[in-house]
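One-based numbering, in listed order, for ligands and for the atoms of each. Computation of the quantities below employed the complete heavy-atom set of this structure, encompassing side-chain atoms and omitting hydrogens, waters and symmetry-equivalent molecules.
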Amino acid sequence: MRLLVVEDDPDLNRQLCTAFTDAGYAVDRAFDGEEGHYLGDNEPYDAVVLDLGLPKMDGISVLESWRRSGKTMPVLILTARDRWSDKVQGFDAGADDYVAKPFHLEEVLARMRALVRRASGHATSELTCGPVRLDTRSGRVSVDGNPIRLTSHEYRLLAYLMHHAGRVVSRTELVEHLYDQDFDRDSNTIEVFVGRLRKKLGIEVIQTVRGLGYLLTPPADAR
Ligand code: CA
């Protein structure tokens, strides 16, 4: 899952990006409204954290513009605590949720998990596919109850496939949603990660659909 953080306060921006990266997301950052608007318009983010008070272009204008051009990614706005009118304006502009400053990072992380899972049609923070379980709160993965250790890239890959289980996901889509913009992207590395992930899971849940991509489905005997 790939996120965009638009926040002009450098410390807050860094804290948010670090927390999201540690939680297993690929993260891009912007420090003003114009840069944030451009990135949100051109990159396929799974969700966005958007501060409202931003230099160059305010958050409400950024959000309104994205929604006008048909962008539907979930957006969590950051508002000032005592400004209820910010929240109303934000929701009317197309926000999906808000957090008032100052906030606890844990709350932002929990709200982000909820936004991401709802956007892909899941009701709980624990995703399952046959014997494979992925807990998006703890980042833990198990097969038949046995914990599996994954690298951060393997976790991101599995999390994306689990959020979109039952649908064919192309290699291009994976590259766009697993890596931040600064990452040296090469779709061949996806094959390598899929190979490693299959080996670690030890069961056949990731099918290769020739010419199209990958499909996560429960193993035949668990269906
Ligand atoms: Ca600000």
Quick check: does [X] put an N/O/S atom under 3.0 Å from the Ca ion (ligand 1)?
X: Leu52; value: no
X: Asp8; value: yes
X: Asp51; value: yes

query: Should the ring pair Phe20 and Tyr25 be called parallel, tilted or perpendicular, given that the plane angle runs from 0 to 90° and is split at 30 and 60?
result: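 Rings of Phe20 and Tyr25: perpendicular, over 60°.
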| message | Using ring centroids (six-membered ring only for Trp), state whether Tyr45 and His177 fall under 6.0 Å. | response |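 His177 vs Tyr45: aromatic centres not under 6.0 Å.
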Testing Gln207, Arg167, Glu204 for side-chain hydrogen bond (donor to acceptor under 3.5 Å, both in side chains) with Thr217, which one passes?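 Only match with Thr217 under side-chain hydrogen bond (donor to acceptor under 3.5 Å, both in side chains): Gln207.
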| said: Looking at Arg2 and Glu43, is there a salt bridge between them, counting it only when a charged N and a carboxylate O are closer than 4.0 Å? | reply: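 Salt bridge flag = yes for Arg2 with Glu43.
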